[in-house]
Engineer: 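Quick one: structure below, then a few questions.
Counting convention: from 1, in listed order, for ligands and their atoms alike. The figures that follow rest on heavy atoms only: side chains count, while hydrogens, waters and symmetry mates do not.
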Amino acid sequence: MALYSEKVMDHFRNPRNVGVIEDADGVGEVGNAKCGDIMKMYLKIEDEIIKDVKFETFGCGSAIASSSMATELIKGQPVSEAMKLTNKAVAEALDGLPDYKMHCSVLAEEAIRLALEDYENKKKA
Ligand code: FES
C-alpha cells in the first residue's frame with residue numbers, strides 16, 4: 001500500500017489557496033518545535049462567513065497537504081463551523097495520514113483556530 005493517499009499527493013503537488021491576504025481579518029501562525037515546520041493562515045471574513053483563506057507553510061508534504069485541505073474545508077463556512085474543525089477531520093478528508101504524520105494535520109487545526117481567535121480579538125478591539 002502506498003504510504004500516502006492520492007489526495008495527500010494531489011494537495012501536496014497542487015496546493016489550493018497558497019499565498020497571503022494582505023488585509024486579513026485574522027492571522028494565525030503555529031510551529032512544531034520538533035520538526036521545525038511553520039504554518040500561517042490568513043482569513044478574510046464578512047458577516048461571520050469565511051470569504052477567503054490563504055496559507056503559507058514551510059514544512060513537510062503532509063503539512064502542505066493538510067493546510068491545503070483545511071482551507072478547502074473552511075472556505076465559505078461560518079466562523080462557528082470553522083471553529084469546530086479538527087485535525088482528524090482534515091486527515092480524514094485527505095483519506096488518512098500515517099500515524100507519525102498526524103501532528104502535521106494538528107498544525108492546520110491550530111493555525112486556523114489561532115486565526116479565528118485573532119479575528120475575534122480584533123472585533124472586540
Ligand atoms: Fe512537521 Fe509534518 S513533519 S509538520
Side-chain angles (χ1 to χ4, degrees):
M1 198 195 105
L3 191 51
Y4 293 108
S5 72
E6 274 178 33
K7 274 197 191 160
V8 172
M9 293 311 292
D10 177 33
H11 279 262
F12 166 57
R13 292 200 177 107
N14 310 295
R16 320 322 188 241
N17 306 309
V18 176
V20 175
I21 299 176
E22 294 294 348
D23 58 343
D25 298 305
V27 180
E29 183 173 343
V30 287
N32 180 297
K34 269 198 188 150
C35 64
D37 293 353
I38 297 170
M39 191 181 291
K40 197 164 181 180
M41 288 277 173
Y42 302 82
L43 302 174
K44 194 76 204 151
I45 298 170
E46 271 169 46
D47 299 329
E48 297 299 298
I49 302 284
I50 298 176
K51 290 283 176 195
D52 199 10
V53 45
K54 296 233 183 291
F55 78 90
E56 292 177 304
T57 292
F58 304 96
C60 73
S62 298
I64 292 168
S66 294
S67 342
S68 170
M69 180 55 87
T71 59
E72 294 259 275
L73 290 174
I74 63 163
K75 203 169 185 176
Q77 293 290 319
V79 167
S80 55
E81 281 303 307
M83 274 287 191
K84 294 186 211 150
L85 183 75
T86 62
N87 79 297
K88 263 185 110 185
V90 174
E92 270 166 26
L94 287 167
D95 290 338
L97 282 169
D99 279 351
Y100 67 98
K101 285 286 178 181
M102 280 305 278
H103 79 271
C104 316
S105 61
V106 172
L107 280 186
E109 175 190 322
E110 289 178 349
I112 287 174
R113 185 136 322 136
L114 278 182
L116 289 167
E117 283 172 14
D118 183 40
Y119 163 69
E120 298 290 349
N121 288 337
K122 278 183 181 146
K123 254 196 338 190
K124 282 184 220 145

Engineer: For a quick test of reading the model, state the closest non-hydrogen atom pair linking E109 to L85 and the distance between them.
Structural biologist: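 That closest heavy-atom pairing would be CG-O, 3.4 Å.
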
Engineer: Does N121, at its CG atom, have more than 12 non-hydrogen atoms belonging to other residues, nucleotides or ligands within less than 6.0 Å?
Structural biologist: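 Buried by this count: over 12 neighbours within 6.0 Å.
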
Engineer: Counting only protein N/O/S, how many atoms fall short of 2.8 Å from atom 2 (Fe) of ligand 1?
Structural biologist: 2

Engineer: Give the cluster check for I112 versus F58: same hydrophobic cluster or not, with ILVMFWY residues linked at side-chain heavy-atom distances below 4.5 Å.
Structural biologist: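 No, no single cluster joins them.
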
Engineer: Main chain of R16, side chain of S68: is a donor-acceptor contact present, judged purely on distance under 3.5 Å?
Structural biologist: yes

Engineer: Where is the tightest heavy-atom contact between L94 and K7, given as atom of each residue plus distance?
Structural biologist: O-CB, 3.7 Å

Engineer: Give me the atom names and distance for the closest heavy-atom approach of M41 to T71.
Structural biologist: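 Minimum heavy-atom contact is SD-CG2, 3.9 Å.
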
